[in-house]
Amino acid sequence: MPSYSELMDALRIDGEAVVATVGDDWKQGRTTYGGLSAALCLEAAARRLPAAPPLRSAQFAFVGPAAGELSAKVEVLRQGKSALFASVDLTGEGGLATRGVLTFGAERASKLSHLDLPAPETPAPEACELFIPEGAGPAFARQFEFRYVAGGRPLSGGPPDFLVWIRHRDPAARSLAAMVALADALPPPALSVFDQFAPISTMTWSMDVLGAAPEDDGWRLMSSRAETIREGYSAQAMTLWSRDGTPLIAARQTVAVFL
């Protein structure tokens with residue numbers, strides 16, 4: 001099972017594209033796991049735009065299944081003095097799989113400083129039980145560790161919200177792109193209210209990057225809450241904090257629910 005770092009180390013440049021070969025170990029059903037698809041878009045941008053300022057926000061549309069050899073093409077949409085907008089198209093054997101729009105922004109001097117996104121008080125991950133039994137879940141879930149804190153669980157009948165410690169099993173996966181891959185590791189919380197298994201698929205993912213990936217033991221606290229589940233779709237809000245409570249990512253997803 002290739003680790004995240006091994007997969008990214010194997011990326012190659014082919015003309016204007018960054019090419020990846022993703023095996024079944026990183027799949028969710030018939031497609032590459034959405035968090036990895038987003039991470040591949042970011043890794044491609046890092047290789048094609050090495051002088052870009054820090055990433056501030058990103059939007060991803062998961063248009064179709066990402067299968068076979070995957071190719072990412074990066075296009076600069078506009079570059080100003082401090083901001084850079086770029087698009088990334090990730091294509092596979094079935095055509096366009098993921099389209100990303102990335103917004104980069106250089107740090108500017110400012111007299112304003114406001115932070116109001118506190119992390120919940122929780123036990124340490126080492127004191128928490130498993131969220132997903134060993135070997136359970138989709139193939140890609142084996143790349144991560146999950147420790148349950150509060151909320152529901154898939155197919156439990158509990159509330160449609162999760163609070164879980166998560167981290168890569170790969171100790172070298174500490175980049176921003178690796179953090180984005182991690183931030184989609186939890187199943188959609190709508191699964192808590194399912195009374196039987198049914199397909200579920202993320203359609204769009206919008207995120208604000210609030211902090212750089214810290215150099216620590218890799219544990220991140222993840223909150224994911226379904227705000228609505230109706231008409232075959234769920235809207236969910238997600239937040240990722242570092243172990244010391246620093247907010248790293250705030251995000252939203254639209255999820256298709258087939259039940």
Side-chain angles (χ1 to χ4, degrees), residues 4 7-9 11-20 32 34-64 66 70-92 95-118 173-184 202-215 220 222 235-242 245-254:
Y4 179 88
L7 188 63
M8 296 306 160
D9 288 345
L11 294 180
R12 67 183 191 278
I13 304 295
D14 184 2
E16 295 184 351
V18 177
V19 180
T32 298
L36 182 65
S37 294
L40 286 170
C41 291
L42 295 185
E43 290 282 359
R47 285 160 171 74
R48 303 301 297 180
L49 305 171
L55 184 71
R56 302 296 176 177
S57 70
Q59 293 80 40
F60 300 99
F62 300 108
V63 180
L70 302 178
S71 176
K73 291 188 177 180
V74 181
E75 178 184 358
V76 173
L77 302 176
R78 186 179 186 278
Q79 184 166 11
K81 292 182 179 180
S82 60
L84 186 157
F85 294 84
S87 66
V88 186
D89 280 354
L90 183 71
T91 59
L96 180 63
T98 302
R99 173 162 289 171
V101 177
L102 313 179
T103 303
F104 302 87
E107 183 175 341
R108 294 195 298 268
S110 175
K111 64 181 181 181
L112 304 178
S113 180
H114 175 73
L115 180 62
D116 187 16
L117 197 59
R174 299 291 185 265
S175 66
L176 173 61
M179 185 169 73
V180 168
L182 183 70
D184 192 35
T202 301
M203 300 176 69
T204 62
W205 190 17
S206 174
M207 70 178 68
D208 294 317
V209 179
L210 309 177
E215 296 183 3
R220 308 286 175 251
M222 182 81 190
Q236 64 185 52
M238 309 150 76
T239 309
L240 189 76
W241 293 271
S242 66
T246 302
L248 301 173
I249 289 177
R252 295 191 62 82
Q253 286 189 348
T254 299

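What you see below is based on every heavy atom in this structure, not just the backbone, and it leaves out hydrogens, waters and symmetry mates.
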Shortest non-hydrogen pair, Phe60 vs Leu42, comes out as CZ-CD2, 4.3 Å
Ala66 meets the side-chain contact (heavy atoms from CB on, under 4.5 Å) criterion, sequence neighbours left out, with Thr31, Thr32, Ser37, Leu70, Ala97
Identify every side-chain donor-acceptor pair in residues 76-87 under 3.5 Å, counting partners at least two apart or on other chains, and give the distances.
residue : atom : partner : partner atom : Å
Ser82   : OG   : Arg108  : NH1          : 3.3

Taken in chain and number order and not counting sequence neighbours, the residues that satisfy side-chain contact (heavy atoms from CB on, under 4.5 Å) with Ala235 are Thr228, Arg252
Heavy atoms of Leu176 and Ala213 approach each other most closely as N-CB, 4.3 Å
Heavy-atom nearest pair, Ala212 first then Leu248, reads O-CD2, 3.5 Å
For Gly35 and Asp184, the nearest pair of non-hydrogen atoms, with its separation, is N-OD2, 3.0 Å
Side chain to side chain contact (heavy atoms under 4.5 Å, CB included) test vs Cys41 passes for just one of Leu36, Val18, Val88, namely Val88
Taking only distance into account, with no hydrogens and no angle test, what donor-acceptor pairs under 3.5 Å do side-chain atoms of residues 43-52 form with protein atoms, sequence neighbours excluded?
residue : atom : partner : partner atom : Å
Glu43   : OE1  : Arg47   : NH1          : 2.7
Glu43   : OE2  : Tyr4    : OH           : 3.1
Arg47   : NH1  : Glu43   : O            : 3.4
Arg47   : NH2  : Met8    : O            : 3.2

Looking only at heavy atoms, the pair that brings Met207 and Ala251 closest together is CB-CB, 3.8 Å
So, does Trp241 use its side chain to make a donor-acceptor pair with the main chain of Leu117 at under 3.5 Å?
yes
Hits for side chain to side chain donor-acceptor pair (under 3.5 Å) against Ser242, two or more places apart or cross-chain, chain-then-number order -> Asp244
Residue set satisfying side-chain contact (heavy atoms from CB on, under 4.5 Å) with Gln59, at least two apart, ordered chain then number -> Ser57, Val101, Ser206
